[in-house]
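Here the structure comes first, spelled out in structure tokens, and everything after it is commentary.
Reckoned from all heavy atoms, side chains included, excluding hydrogens, waters and symmetry mates. Bear in mind the structure is a predicted one, so any value in this text is a computation, not a measurement. Protein chains get the first letters and strands the later ones, always in sequence-line order, with residue 1 at the start of each.
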There are 2 protein chains.
Amino acid sequence: MLYVCPMEFDEAKNKFIQNWGRLGSSWGINKTMAQIHALLLISPNILSTEDIMEELKISRGNANMNIRALIDWGIVTKEYKAGERRDFFSAEKDIWEVGRRITQERQKREVEPVLRILNQLKTIEGKSEEEVAFKSAITDLEAFTTSLNGVVDKFVKSDEHWFYKSLLKFVK
Amino acid sequence: MLYVCPMEFDEAKNKFIQNWGRLGSSWGINKTMAQIHALLLISPNILSTEDIMEELKISRGNANMNIRALIDWGIVTKEYKAGERRDFFSAEKDIWEVGRRITQERQKREVEPVLRILNQLKTIEGKSEEEVAFKSAITDLEAFTTSLNGVVDKFVKSDEHWFYKSLLKFVK
DNA sequence: CTGAACTTTCAATTATTATTGAAACTTATT
DNA sequence: AATAAGTTTCAATAATAATTGAAAGTTCAG
């Protein structure tokens with residue numbers, strides 16, 4: 001077993017935030033939004049907009065908009081602190097719940113519109129060779145998407161326990 | 001039941017290509033790449049670079065780069081036509097296979113690097129309150145990602161029949 | 001009602017990513 | 001070997017998306 005020099009905490013924290021941001025970008029979630037989420041996820045206490053601005057070195061407008069988006073997605077909540085007027089925020093700490101929420105939102109925003117379109121495109125007549133090929137591709141795609149939709153829906157509606165158990169069984 | 005006027009084929013084709021492109025964009029796949037894929041998916045015959053350029057009104061460079069990317073991803077193949085010197089292309093028509101390939105590539109390119117980083121960040125000492133919270137978040141995240149990785153891996157390695165059967169069982 | 005503390009908005013700017021097109025390169029034909 | 005047909009590359013440009021910051025909007029205490 002190789003000895004690995006333990007990292008400085010600040011270095012580790014930074015590395016995590018940066019990489020979570022990068023992952024977000026490649027999955028259609030804006031970088032800052034993912035970074036704010038990362039920061040809140042690892043913070044033991046609730047944070048104010050100022051705290052977030054300072055930690056991530058971003059502007060007030062940027063912080064505000066992305067915090068709001070996170071609240072919209074249901075993975076960050078506004079918190080109140082006794083004797084303090086400004087808002088504080090905290091992230092959902094249960095990562096399975098975070099996964100469910102993100103899945104649900106993206107499903108709703110991106111997959112469902114496409115499914116509606118596929119359904120509409122199915123009505124095309126299949127006369128020429130081109131039309132037959134088109135119809136067949138659309139039909140397959142719709143069946144595929146609907147299947148995945150089904151799994152995703154189960155996941156989203158499941159309580160963690162149920163899902164986790166099924167998942168284990170499934171993977172076996 | 002409402003009567004829906006059947007669409008013109010060209011209109012339908014266009015709508016499909018545009019929307020597949022949009023979906024691609026929001027899932028980290030570039031628009032043109034997704035559009036070329038859509039076009040090949042619904043074409044009964046193999047297409048040349050010129051055909052693709054013309055249909056999508058894109059430049060040669062753009063067409064070339066994105067066709068190559070699709071080949072890299074393993075969902076488009078170069079085809080040869082008797083008596084023709086230039087290259088032709090066709091897309092994998094089995095949509096489950098396409099799903100597996102895309103999943104595998106994104107897994108390899110995006111999820112695995114993050115998993116490596118999480119694994120490395122776990123070595124942090126948990127002394128201060130901050131460090132304990134960090135360690136706990138990282139540990140949870142790694143467990144979650146590893147679980148999902150497991151399902152994805154099964155999916156990628158499965159033959160369609162196996163996966164489809166399991167999926168049905170899973171969704172029930 | 002007034003002013004201070006705080007939040008939100010949005011036009012302008014900056015950063016990122018995709019696309020073009022012409023030149024360089026490769027391969028096949030005579 | 002010369003030419004033609006086809007392909008690839010990549011610096012320049014265009015399109016898209018994120019970010020800033022200052023002004024406008026809210027809310028609350030006195």
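The interatomic distance linking A:Asn62 (CG) with D:dG21 (C1') rounds to 11 Å, in whole Å. Look at CE on B:Met53: it is 12 Å from C1' on C:dT19, rounded to the nearest Å. One interatomic measurement links the two molecules: CD1 of B:Ile67 to P of C:dT20, which rounds to 13 Å at whole-angstrom precision. Atom CD of B:Glu79 is separated from atom P of D:dT7 by 14 Å (rounded to the nearest Å). D:dT19 atom C1' lies 9 Å from atom CG of A:Asn66, rounded to whole Å. Here the P atom of nucleotide D:dT19 and the CD1 atom of A:Ile52 are 14 Å apart, to the nearest Å. Rounding to whole angstrom units, CD1 of residue A:Ile29 and P of D:dA17 are separated by 16 Å. In this structure, A:Lys57 places its NZ atom 16 Å from C1' of D:dT20, rounding to the nearest Å.
With hydrogens and angles ignored, a donor-acceptor pair under 3.5 angstrom links the side chain of A:Arg85 to the base of D:dT27.
The phosphate of C:dT8 (OP1 or OP2) has a side-chain N or O of A:Asn64 nearer than 4.0 angstrom. One finds a side-chain N or O of A:Asn30 lying less than 4.0 angstrom from the OP1 or OP2 phosphate oxygen of D:dT19. Between B:Thr49 and D:dG6 there is no side-chain polar atom (N or O) within less than 4.0 angstrom of OP1 or OP2.
Along DNA chain C, the nucleotide nearest to A:Arg86 and the one nearest to A:Arg68 differ in position, and the one closer to the 5' end is contacted by A:Arg86. The 5' end of DNA chain D is approached more closely, in terms of each residue's nearest nucleotide, by B:Glu50 than by the other of B:Glu50 and A:Thr32.
Of the possible donor and acceptor atoms, none in the side chain of B:Asp72 sits under 3.5 Å from a partner among the backbone N and O of B:Ala69. A donor-acceptor pair under 3.5 Å links the side-chain atoms of A:Lys135 to the main chain of A:Ile124, judged by distance alone. Judged by distance alone, the side chain of A:Asn119 and the main-chain N or O of A:Arg116 form no donor-acceptor pair under 3.5 Å.
Salt bridge annotation for B:Arg101-B:Glu97: present, with a cationic side-chain nitrogen under 4.0 angstrom from a carboxylate oxygen.
Placement of A:Leu39 and A:Ile71 within a single hydrophobic cluster is found when ILVMFWY residues are connected by side-chain heavy-atom separations under 4.5 Å, directly or transitively.
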